[in-house]
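Letters A, B, ... are given to chains in the order of the sequence lines, protein chains preceding strands, and every chain is numbered from 1. Reckoned from all heavy atoms, side chains included, excluding hydrogens, waters and symmetry mates.
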Amino acid sequence: MSQEVDLTDQLQARREKLKELREQGINPFGARYERTHDTEKIRTLYSSLTEEELEEKPVPVVMAGRLMAKRRKGKAGFADIQDFNGRIQLYVRKDNVGDEEYEIFKRIDIGDFVGVEGTVFKTHVGELSIKVTKFNILSKAMRPLPDKFHGLKDVEQRYRQRYLDLIVNPEVRKTFILRSKIVQTIRDYLDGESYLEVETPTMHSIPGGAAARPFITHHNALNMDLYMRIAIELHLKRLIIGGFEKVYEIGRVYRNEGIDTKHNPEFTMLELYAAYDDLRDIMSLTENLISSVAEKVLGTTEITYEDKKVDLKPSWRRIHMVDAIKEVTGVDLWPEMSDEEARKLAADHGVAVKDDMIYGHVVNEFFEQKVEETLVQPTFIYGHPVVISPLAKKDPSDNRFSDRFELFIVGREHANAFSELNDPIDQRERFEEQMREREAGNDEAQIIDEDFLEAMEYGMPPTGGLGIGIDRLIMLLTDSASIRDVLLFPQMRNREDK
RNA sequence: GAGCCGCUAGCUCAGGGGUAGAGCAUCUGACUUUUAAUCAGAGGGUCGAGGGUUCAAAUCCCUCGCGGCUCACCA
């Protein structure tokens, strides 16, 4: 209590009011409150009625919410309360609620939770409102909310104190409600296709299934280091081996990499696997899934992302990576060539490559540096070089390439899929190649996973697999510029002053 | 990791060498259909932190912190 002298005027005023409420025998942090209506229900049921109709047949309601605005005029006043579905105006008159409750209304602050009883009416300008007959304080807010008109703009504070952002910025609330609907719709779609949703470990003893640096943690009782998963892949394939023919998981993965507008250390992936399917089946599934989610959630497949018009209606363009490179740059990488010749081509066309890169790496660099950003409309790029695809089947007609695709929309990768490699001998060779890359200094090359290889040796059916970055999909469908705008609590650096 | 920009009242922002400003919010008063209510008055600041230059620093310089954007990294 001795630090009360340090409190700002705002905090002092609210503490003072809290004390007064208690002195009047009112609990400022009340218990349950049973509502008959929320703002949405009132709006849908009564907004079409006229002022006169509502006056003739008054509708009694009990509702609750957070006080967002207050306009007092002597012995009466208006206030806006907000609940999950919206806002509604209250009209509080001294001669309707009595002297005692009117005093409480006079002292109540923006940000407080209130519960009211009253009747629905319309003001002379036609605004649907509640004429309050009983006024209760349900919970006192001890700090003031951000500016009622300008909201909360400070980006740092919006991320660090997302609850404030959600209270005062309705479009933020809308984005996260949409996020929830999108994920739900994906689940509904996959459930409709008879996929089984599963949960697999997020702590792995070998981080596999992708090329990325992992977070390391430690289990005390087992006295062993564990890695936060960088992908879901290898466990879901074990389930395919175990006889689950269609499985998926929507879950968090963790990558120990830089943070920017498209990367957060933890993010959400959808991975699914379908036995007996191949790349073509997964392409169809992907375009049907994403377009139907857009249709269900947004009501259209025609979307706008950062002023770019995108049509998600199937079928989407399918083009081999080498053909796409040829189309954009004019460079033909189809002919057989040495690694040195490939690097020379890159140098001649302004594609930065490292000296130890082989043909497959060069093809990938060409694609990433020259083609990727040009792919605005949904495009399946298939046939990635085998060297960068250690978990995908080889293309039977050209073993430099794999049965893999990535989906690009607005110049960004949105999905990654393969005809899954199910030959354990080939898989071992691919892992060994990865280990050689690792020893050569690529600390994101994959680590050999003996336990997974053993599983595959028991027999794995031909399988199609897919990974979709859910956060990026949400960004696309909500026209959000930063991944932080679709993550409720994005990763932030600690502040030293708190 | 690099470059650029930002950090001033609870919130939104002005002020860019002469000792701190506005709107909302807060406090006091008036007002019984207002809605960014209005009117009158009052209080509220370690100007991100630390150091330096100067008679004088929110302002100029240096270091650091946090954030944003761009680039690099992320196959």
Trainee: For the CD atom on Glu20(A), are there more than 12 heavy atoms of other groups (residues, nucleotides or ligands in this structure) within a distance under 6.0 Å?
Mentor: yes
Trainee: Using atom C1' of each nucleotide, how far apart are A57(B) and G18(B) to the nearest Å?
Mentor: 10 Å
Trainee: Taking the same atom, P, in U35(B) and in U59(B), what whole-Å distance lies between them?
Mentor: 43 Å
Trainee: List for me each residue that meets salt bridge (charged side-chain N to carboxylate O under 4.0 Å, His left out) alongside Glu406(A), sequence neighbours excluded, and say none if there are none.
Mentor: Arg404(A)
Trainee: Determine the Euclidean distance between corresponding C1' atoms of G44(B) and G50(B); express it in Å to zero decimal places.
Mentor: 27 Å
Trainee: Would you please test Asn364(A) and His361(A) for side-chain hydrogen bond (donor to acceptor under 3.5 Å, both in side chains) and show each step?
Mentor: CA-CA 5 Å; Asn364(A) 188 50; His361(A) 295 121; over 6 Å; no
Trainee: Taking the chi torsion of G16(B), is it syn (within 90° of 0) or anti (everything else)?
Mentor: syn
Trainee: Considering only the P atoms, how many Å lie between A22(B) and A14(B), rounded to the nearest integer?
Mentor: 16 Å
Trainee: If you measure from the Lys or Arg side-chain nitrogens to the Asp or Glu carboxylate oxygens, is any gap between Glu101(A) and Lys134(A) under 4.0 Å?
Mentor: yes
Trainee: Closer than 4.0 angstrom, basic N to acidic O: yes or no for Glu271(A) and Arg229(A)?
Mentor: no
Trainee: Does the side chain of Arg72(A) get closer than 4.0 angstrom to OP1 or OP2 of A37(B) through an N or O atom?
Mentor: no
Trainee: Roughly how many Å apart are G21(B) and A9(B), using the C1' atom of each and rounding to a whole number?
Mentor: 10 Å
Trainee: Kindly assign one of parallel, tilted or perpendicular to the pair Trp334(A) and Phe401(A), based on the angle between their ring planes and the thresholds 30° and 60°.
Mentor: perpendicular
Trainee: Does the ring centre of Trp316(A) sit less than 6.0 Å away from the ring centre of Phe408(A)?
Mentor: no
Trainee: I'd like the P distance from G43(B) over to G51(B), given in whole Å.
Mentor: 32 Å
Trainee: Would you call the rings of Phe452(A) and Phe431(A) parallel, tilted or perpendicular, taking 30° and 60° as the class edges?
Mentor: perpendicular
Trainee: Under 4.0 angstrom, heavy atoms only, what part of the nucleic acid is Phe121(A) near: base, sugar-phosphate, or nothing?
Mentor: base
Trainee: How does each nucleotide of nucleotides 68-75 of chain B score, in 5' to 3' order, for protein heavy atoms under 4.0 Å: base (B), sugar-phosphate only (S), or none (-)?
Mentor: SSS-BBBB
Trainee: side-chain hydrogen bond (donor to acceptor under 3.5 Å, both in side chains) between Glu336(A) and Tyr359(A): does it pass, once the steps are laid out?
Mentor: CA-CA 9 Å; Glu336(A) 294 279 350; Tyr359(A) 169 79; over 6 Å; no
Trainee: Determine which nucleotide pairs with C64(B), using a 3.5 Å limit on both distances of a Watson-Crick or G-U wobble pair.
Mentor: G48(B)
Trainee: What does G18(B) pair with, Watson-Crick or G-U, if both distances are under 3.5 Å?
Mentor: C55(B)
Trainee: Could you give the distance separating A72(B) and A2(B) at their C1' atoms, to the nearest angstrom?
Mentor: 8 Å
Trainee: Give one of base, sugar-phosphate or nothing for Lys17(A), where a contact means two heavy atoms less than 4.0 Å apart.
Mentor: sugar-phosphate
Trainee: Looking at A42(B), which nucleotide sits across from it as a Watson-Crick or G-U wobble partner, both distances under 3.5 angstrom, or is there none?
Mentor: U26(B)
Trainee: Check nucleotides 40-43 of chain B for protein N or O atoms closer than 3.5 Å to its own N or O atoms and list the pairs.
Mentor:
| from | atom 1 | to | atom 2 | distance (Å) |
| --- | --- | --- | --- | --- |
| G43(B) | N2 | Asp9(A) | OD2 | 2.0 |

Trainee: Between Tyr91(A) and Phe121(A), how do the two ring planes meet: parallel, tilted or perpendicular, split at 30° and 60°?
Mentor: tilted
Trainee: Heavy atoms under 4.0 Å, any strand shown: does Asp95(A) hit a base, just sugar-phosphate, or nothing?
Mentor: base
Trainee: Scan every strand shown for a Watson-Crick or G-U wobble partner of C71(B), both distances under 3.5 Å, and answer none if you come up empty.
Mentor: G1(B)
Trainee: Specify the residues of residues 134-152 of chain A, ordered by number, for which at least one heavy atom lies under 4.0 angstrom from an atom of RNA chain B.
Mentor: Pro144(A), Pro146(A), Asp147(A), Lys148(A), Phe149(A), His150(A), Gly151(A), Leu152(A)
Trainee: Assign the ring pair Phe380(A) / Phe405(A) to parallel, tilted or perpendicular, where the plane angle (0 to 90°) is split at 30° and 60°.
Mentor: perpendicular
Trainee: What contact category does Lys73(A) fall into here, base, sugar-phosphate, or nothing, at under 4.0 angstrom with non-hydrogen atoms?
Mentor: base
Trainee: Measure from CE on Met68(A) to C1' on U35(B) and round the result to the nearest Å.
Mentor: 14 Å
Trainee: Expressed as a whole number of Å, how far does the P atom of G3(B) sit from that of A49(B)?
Mentor: 24 Å
Trainee: Taking only side-chain nitrogens and oxygens of Gln157(A), does any of them come within less than 4.0 Å of OP1 or OP2 of G67(B)?
Mentor: no
Trainee: Hey, are Asp485(A) and Tyr159(A) close enough side-chain-wise for a donor-acceptor pair under 3.5 Å?
Mentor: yes
Trainee: Under 4.0 Å, counting only non-hydrogen atoms across every strand here, what does Arg107(A) touch: a base, just sugar-phosphate, or nothing?
Mentor: sugar-phosphate
Trainee: For a quick check, tell me whether the side chain of Gln89(A) and the base of U34(B) share a donor-acceptor pair closer than 3.5 Å.
Mentor: yes
Trainee: A quick test of your reading: do over 12 heavy atoms of other residues, nucleotides or ligands sit less than 6.0 Å from CE of Met492(A)?
Mentor: yes
Trainee: Are more than 12 heavy atoms, taken from residues, nucleotides or ligands other than Lys94(A), located less than 6.0 Å from that residue's NZ atom?
Mentor: yes
Trainee: Given that Lys75(A) and Asp154(A) both sit by RNA chain B, which one's nearest nucleotide is further toward the 5' end?
Mentor: Asp154(A)
Trainee: Heavy-atom contacts under 4.0 Å between residues 56-63 of chain A and RNA chain B, which residues?
Mentor: none
Trainee: Arg71(A) side chain N/O closer than 4.0 Å to the phosphate oxygens (OP1, OP2) of U35(B)?
Mentor: no
Trainee: For Gln161(A) and C66(B), give me the distance from atom CD to atom P, rounded to whole Å.
Mentor: 17 Å
Trainee: According to the interplanar angle, ranging from 0 to 90°, do the rings of Phe366(A) and His349(A) count as parallel (below 30°), tilted (30 to 60°) or perpendicular (above 60°)?
Mentor: tilted
Trainee: For U32(B), which nucleotide is its Watson-Crick or G-U wobble mate, given both distances must be under 3.5 Å?
Mentor: none
Trainee: One thing to verify: whether Arg158(A) and Asp165(A) come together as a salt bridge, which I'm taking to mean a side-chain N less than 4.0 angstrom from a carboxylate O.
Mentor: yes
Trainee: Between Asp339(A) and Arg343(A), is there a salt bridge with N-O shorter than 4.0 Å?
Mentor: no
Trainee: If you take any heavy atom closer than 4.0 Å to RNA chain B, which residues from residues 109-117 of chain A end up in contact?
Mentor: none
